[in-house]
Amino acid sequence: MGNQDCIIFENVSKSYGENRILSNFNLTICKVDFLAIIGSSGCGKTTVLKLINGLLTPDSGRIFVNGEDIAKMDQIQLRRKMGYVIQEVGLFPHMSIGKNIAYVPNLIKEDDKNGISNKVKELISMVGLDEEIISRYPSELSGGQRQRVGLARALAASPEVLLMDEPFGAVDEINRKLLQEEILKIYKKLNVMIVFITHDIKEALKLGTRVLVMDKGEIIQIGTPSEIKQHPKTDFVRELIGV
Amino acid sequence: MIKQVFQIYYERGDFFIKLTLEHLKISGSAIILGAIIGLILGVVISEYKKTSPVILGMTNFIYTIPSISLLGLLIPFSGIGNTTAIIALTVYALLPMVRNTHAGIVSIDPAIIEAAKGMGSTPFDILYKIKLPLATTVILAGFKNMVVMTIALAGIASFIGAGGLGVAIYRGITTNNMVMTVAGSLLIAFLALFSDFLIGGLEKSVERKWRLKR
């Protein structure tokens, strides 16, 4: 079962207590997709993301990554192959920026100190920061800088998949634009699969190669940005894109 | 009075040195045991939330037993002497350690834990690399309180036949020798203040090293 280089949701359902978030959810995301998931809060988009890296487990149905059922995989190994970026960033305040970025490489220990330190420098410049920031601490950084460090940290283990949960939701307008450019550059350069959650339709249409519109745990429409713009399927989508 | 106290220190130096060392031995043993057990219990109740009402309730309850009666209650089990004193002091030391370890861990920003988990840390990685370092200042604050309290409390251990500076105080009381009582008390106070100062310094240096300013 399952294709290589794809994430497949097969009849996935998930509830929190009485509250049913997803029911019989089906979705296929393949390599080099930049999938932007858009929907209002509480529509289940974060749930979809957390199901992929096993932070949540489905009540029923299965999720495949590279053809393997993730319920049967080592969750720790699974997560180490996926970069994870959240809105609050969650940098470790007691570690320098360098140590933050090197967190996962230090956990897997597949590289020596020199290799890791070179990788950190490479990542720092990739996300558009200056090398002198490496020895500083999270509390000394601005919001935009912190989010860039969060991105660098997620890329440190050379993930095949990058999961991003409203990563630019808490940065100011100017920095958000810059970060959007940055993520597009990184996407083109590294050829990773990105699943990107946002509640900003402009951001979704600008970044995604495919856009998924969700409402109340259902997929309303999925397609390329131009498909969505030209053929909005329902009133909900029309309202969202503002036509 | 002060002069008499210093005179007694001078004249009976050996006696006070012996008592001070004994005092340090009793309270030190209880501090080490209490710190280790308290830290482990604190970690357990933060990792397994269901155990927290039980363990916190029990340590709270023990804390409310008057020290003199706890010492008395232990005599049938562990006899009189240092062992009983160390057991009682250890039990008292638990509460500040458990409470602060728990408070330090649960007050960490959930986003930090989620990021660590999402990046593929094992529960042990999270505890060892994230939770404990971030909780250190709160844990050390509890440790400082506990050390001061234990050193002071060890003074009454002589009532059940244990050694330590309480011996001087007790002897002073029973022989109506005020100077002796004051001399013992002053040394206990000095030990407690000195430890408070030392641990306070440690706290500051950890705070600086890990940027844990709150």
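Chain letters run A, B, ... following the sequence lines, proteins first and then strands; every chain starts at 1.
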What part of A:Leu78 gets within 4.5 angstrom of chain B, counting heavy atoms only: side chain, backbone, both, or neither?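 For A:Leu78, neither part sits under 4.5 Å from chain B.
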Give, as side chain, backbone, both or neither, the part of A:Ile76 having an atom under 4.5 angstrom from any heavy atom of chain B.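 It is both, since atoms from each part get that close.
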Looking at A:Val89 and B:Ala115, what are the two nearest heavy atoms and their distance?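 The answer is O-CB, 3.9 Å.
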Which atoms form the tightest heavy-atom contact between B:Ile112 and A:Pro93, and what is the distance?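 Minimum heavy-atom contact is CD1-CD, 3.6 Å.
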So which donor and acceptor atoms of chain A and chain B come within less than 3.5 Å of each other?
| residue | atom | partner | partner atom | Å |
| --- | --- | --- | --- | --- |
| A:Arg80 | NE | B:Gly120 | O | 2.7 |
| A:Arg80 | NH2 | B:Gly120 | O | 3.1 |
| A:Tyr84 | OH | B:Glu114 | OE2 | 2.4 |
| A:His94 | NE2 | B:Lys129 | O | 2.8 |
| A:Tyr103 | OH | B:Ser121 | OG | 2.9 |
| A:Glu140 | OE2 | B:Arg211 | NH1 | 2.6 |

Can you tell which of A:Val104, A:Leu163, A:Leu55 has the highest number of heavy-atom pairs within less than 4.5 Å of chain B?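 The residue among A:Val104, A:Leu163, A:Leu55 with the greatest pair count is A:Leu55.
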